[in-house]
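Below: the structure, in structure tokens.
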Amino acid sequence: MKINSINFFKKRERYISSTTLKDANSLIEKMHMEKTYKEITPDFFEKTEVRGLKIKDATFKDGQFLARRNSKKQLIPYGKDSSMLEFGEIRLIFNNSSGKIIEHEKPFFTTWKKIFRQAQEIISLALSQYNNDNIVKKIVHHSAGLTNEGKIKAADELKKVFSAFKIFK
């Protein structure tokens, strides 16, 4: 006689709805369209990009800027094809092409049906009110740096400094 074990807490694969997935991808596309790159001088540039959105009490972030820690405390990025939605005590990280939930945190007694309904409401609100700063606040990252030409000039200046110190030997 064969005895089968019963696993009540078997982890099932979950997927967000196709409507939610389509809206989330549209949101990410809008976020990427706001990316700007400007050369201030031939040596320096400025870059701004929208990395996430704050929708009332919820947060939506592009997965290319997210990472998790492994057992060795190293950061492992989720990748460009993922997104994160956080609201209340719930966090969903999902794949942008398939809609599969990669990771999640949720209260034990909260149903998936309720979570998916709330996620759809939040993402559709963010999409419809994207330019309304009272509802959707953009999480923007500003950065600046050297262009390739600027890096070459900086390296040449550094060589000059080191050669000047050789005189004192």
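By the criterion of side-chain heavy atoms lying less than 4.5 angstrom apart, applied directly or through intervening Ile, Leu, Val, Met, Phe, Trp or Tyr residues, I122 is not grouped with M84; the two fall into different hydrophobic clusters. I28 and V140 fall within the same hydrophobic cluster, defined by Ile, Leu, Val, Met, Phe, Trp and Tyr side-chain heavy atoms under 4.5 Å apart, directly or through other members. Hydrophobic clustering (ILVMFWY, side-chain heavy atoms < 4.5 Å, transitive): Y130 and L125 are in one cluster.
Taking both residues in full, the closest heavy atoms of F87 and A119 are given as CZ-N, 4.1 Å, listed atom of the first, atom of the second, then distance. Across all non-hydrogen atoms, the minimal contact from T110 to K106 is O-NZ, 2.6 Å. Closest approach of L146 to K151, counting heavy atoms only: O-CE, 3.6 Å.
Here the straight-line distance linking atom CD1 of I115 with atom CD of E89 works out to 10.5 Å at 0.5 Å rounding. Rounding to the nearest 0.5 Å gives a distance of 11.0 Å between CD1 of I55 and NZ of K138. Note that the NZ atom of K56 and the NZ atom of K137 stand 11.0 Å from one another [nearest 0.5 Å]. Rounded to the nearest 0.5 Å, atoms NE2 (H32) and CG (L27) are 10.5 Å apart. With rounding to the nearest 0.5 Å, the separation of CD in E49 from OG1 in T36 is 9.0 Å. The CD1 atom of I135 sits 7.5 Å away from the OG atom of S128 when rounded to the nearest 0.5 Å.
Between K30 and L127 the shortest side-chain heavy-atom distance falls below 4.5 Å. Proximity of I16 to I123: side-chain heavy atoms (C-beta onward) are nowhere separated by under 4.5 Å.
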Acceptor/donor pairs from residues 90-97 side chains to any protein atom, 3.5 angstrom cut, sequence neighbours excluded:
from	atom 1	to	atom 2	distance (Å)
R91	NE	E86	OE2	2.9
R91	NH2	E86	OE2	2.5
N95	OD1	S97	N	2.7
N95	OD1	S97	OG	2.7
N95	OD1	S98	N	3.1
N96	OD1	S83	OG	2.7
N96	ND2	S82	O	3.3
N96	ND2	S83	OG	3.2
S97	OG	D81	OD2	2.9

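Residues passing the side chain to side chain donor-acceptor pair (under 3.5 Å) test with S124: none are found, sequence neighbours excluded.
Evaluated for a ring-ring contact (aromatic ring centres under 6.0 Å, His included) with H104, the options W112, F116, Y15 yield exactly one hit, W112.
Heavy-atom contacts from other residues, nucleotides or ligands closer than 6.0 Å to NZ of K100 number 12 or fewer. Remark: D156 CG is packed, more than 12 non-hydrogen atoms of other residues, nucleotides or ligands lying under 6.0 Å away.
With salt bridges taken as basic N to acidic carboxylate O contacts below 4.0 Å, one links E149 and K153.
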H142/T48 under side-chain contact (heavy atoms from CB on, under 4.5 Å): CA gap, chis, key distance, verdict: CA-CA 4 Å; H142 300 279; T48 60; 2.8 Å; yes

